[in-house]
Amino acid sequence: MRIRQVNNTSPPRYRLMMSDGRHSFTSFLLATQLNHLYEEDLLVPNCVCKVKKTSPNTLADGRLVLTVIDMEVIQSAEETGGMIGDPIPYNTDDNTSQMQSPDSSSSLAASPPPDAVPGSSDRNNNSSSRGFAGRSTMKVSPMSASPMETSPMKAPTMAASPMKASPMKFSPMKTSPMKAPTMDTSPMKASPMKFSPMKASPMKASPMKFSPMKASPMKASPMKFSPTKATGSSPGSSTKVISIAGLNPYQSKWTIKARVNNKSNIRTWSNSKGEGRLFSFEIVDDSGEIRITAFNKEVDKFYSLVEQGKVYYITKASVKPANKQYNTLKNDYEMTLNANSTIVPCDDSEGVPAVHCDFVPIADLESRDNNDIVDVIGVCKSAEDVSRITTKNSREVSKRALNLIDTTGKDVTATLWGEEAEKFDGSGQPVVAIKGARLSDFGGRSLSALFSSKVMVNPDIPEAFRLRAWFDQKGYALDSQSLTETRSASSGPKTNWKSLSNVKDEQMGHREKADYFSCVATVLYIRKENCLYRACPSQDCNKKVTDQQNGFYRCEKCHREFPNFKYRLLLSANLADFGDNQWVTCFQETAEVLLGHSAETLGQLRDTDEAAFDEVFQRATFTTHIFKNRVKLETYNDEARVKVTVLEVRPVDHKEYSKRLLGNIHKLAG
Amino acid sequence: MAGILDVPKPRINSSMLSQNVNRPVCFVGRVEKVHPTGKTFTLLDGEGQTATVELNDPLEEELSGIVEVIGMVSNKGVIMSSTYNMLREDKGIAFDLELYNEALKVIHDFPQHYPFEVAASG
């Protein structure tokens, strides 16, 4: 009816006054996600809306405010043409007078059953729309007041029949433990209860669930439409369980029931303000997930209580906008536990899923940005063995690459690290789901499991079953297109297969930066003269030492003399392929691979056995390898020459090579 | 028998058998079944098609894995093998039959780039 903007908060909040034809109520607050309705002029006075989800809160002064979380505009204001009915302001105190018993039967007075509990029940009165009696339980006399409050109310399937239609529907008003009943059972017989689904009549919803409520006991308060939310009997009081999606900073008295995923360890820090401790965990329910952090005193209080995988009722934490720097979850908010918060373990974990993921189909990964955090699920077509690699920081870490394929027919390589890599068992092609993996452009597109990612093998979610069924029927035969290039070592951004003729044609190396390329080539000739030089024996210094002729060798870089030296290789070799040949330089490491002997051995051989020394070179000639090279235009004394250095020598992987060649042939054949 | 080894022999798979009747060929495939007499066996090519091979002398060893057979194709589509060569699976790199089949198709699709007939010279 009226919309007022309450502007004192940073996203604007709109307060609505709504009527259902019989009553009007002014304390409706529009949830921020619905602000667009107002901003786009969809929500204008006198339009008829169907309020689908609300959640009640009691303000500090005892007033009740209903936050509208989901609403749909059914009829525009023009069509409605003015106010409907003659609403009288609704009295928010619960009182039995609401119950207008006389009203019952025929009219569906929508009056909501009074709730005994302040604030908890939602009220149907909501918004305009022809008074729909939402579910007010209209009880026909016997029902009256009582059932509503105390008698176990069954949450009826809310059939919303238009008010006129008379059948009363029971609104699941909770407050009293309600069971999801089929409403019929309630002695409401008086009027034929119709469970007709809400038809056009705008439903007002008190947050009534239109879908048959399941057996889950409904929580008095916010009716959250999701049955799961209904938590059961929480000890005493009106525990209104709301869904994680319904959390916002403007409500304070709420309870959520969710499962803990991802509990972190206690971290301490000290900065200019002092030091502190924190731990955080993520919780999930079937509407979404949110991250909770506890600081200092709360760490002591809750750290041992919260266990990963268990379901808890959490109340009274502060909700604030999420700090996206630390929080990668899909929720605009995050929570902090404070002195008033409570966490109570819950035994009834029915309906609370273990994990909530928004899976991205693998084919869509291509369109996502680099470094995005995504969730993926796929069948592990193949997995490599775990390997240990040393990082730049000289740390040794295990890693394992898996190949995931999904119904889009595309596959991608995902990398697991550390313990997860070691524990992973890829046998039997399990369905693997990774939550919070980072998408990178390594080798095209690939995924990496972060420290905060969760890897689930054969998870118990419907997506996994779907994938398993698809894979067993068709997927295994699919020759999928890999988003990640061949996992051989040369893959990655540097894999740049060229033939030696390309080097001259494309004038590689002529730009400012050096060019890198890989090629398959055969060694034609290796220069034996000057292949070895005497180098400084100190660690990491490879400078050539000068022979002082007194048994000592001087290194200019270290400014020291040494009685010894180490031999180092510096090969000049000529490589060729079908197109061209190219002189390249091989330093110690690559030279040793090519010749198959260490520099020391060769040094000694050269002095002792000439024939054997020659033999080594002969054997290396006319061998074919994969070379990874760096080419650069260098100027040396006024002369510019293209210099090629070999960075890596690898044996030819014939399978990979043939596949590549076949691919090229097919591409060229058109 | 020496004669057949001097002549260039195209590599074929089962689908090309009919086009090479009465010609010497080279067939590579995986052993499917060996007849109890040891004089004949069937091979599976990279596409999964079978080909039958007949030998002059019965087999003296267990045949398994990938085998390369050189022989003449009879008018019944059977390869009358003069010699065979077993590619042992426990040694060296595993033979990828599907990849081999892909290569075969390329060779046959582009004979102008793969002039094998000339190989006999010299």
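Note that the coordinates shown come from a computational prediction; the quantities given were computed from them, not determined experimentally. Below, read A as the first sequence line, B as the second, and so on, with proteins coming before strands; counting in each chain starts at 1.
With a threshold of 4.5 angstrom between heavy atoms, Ile93(B) approaches chain A through side-chain atoms but not through N, CA, C or O.
Of all the heavy atoms in Lys655(A) and Asp96(B), the pair that sits closest is CE-CB, 3.3 Å.
Environment of CD in Glu61(B): crowded, with over 12 heavy atoms of neighbouring residues, nucleotides or ligands closer than 6.0 Å. Heavy-atom contacts from other residues, nucleotides or ligands closer than 6.0 Å to CD of Glu47(B) number more than 12. For NZ of Lys33(B), the number of neighbouring non-hydrogen atoms (other residues, nucleotides, ligands) closer than 6.0 Å is 12 at most.
Atom CD1 of Ile665(A) and atom CD of Glu102(B) lie 10.0 Å apart (nearest 0.5 Å).
For the set Lys659(A), His654(A), His666(A), the count of heavy-atom pairs under 4.5 angstrom toward chain B peaks at Lys659(A).
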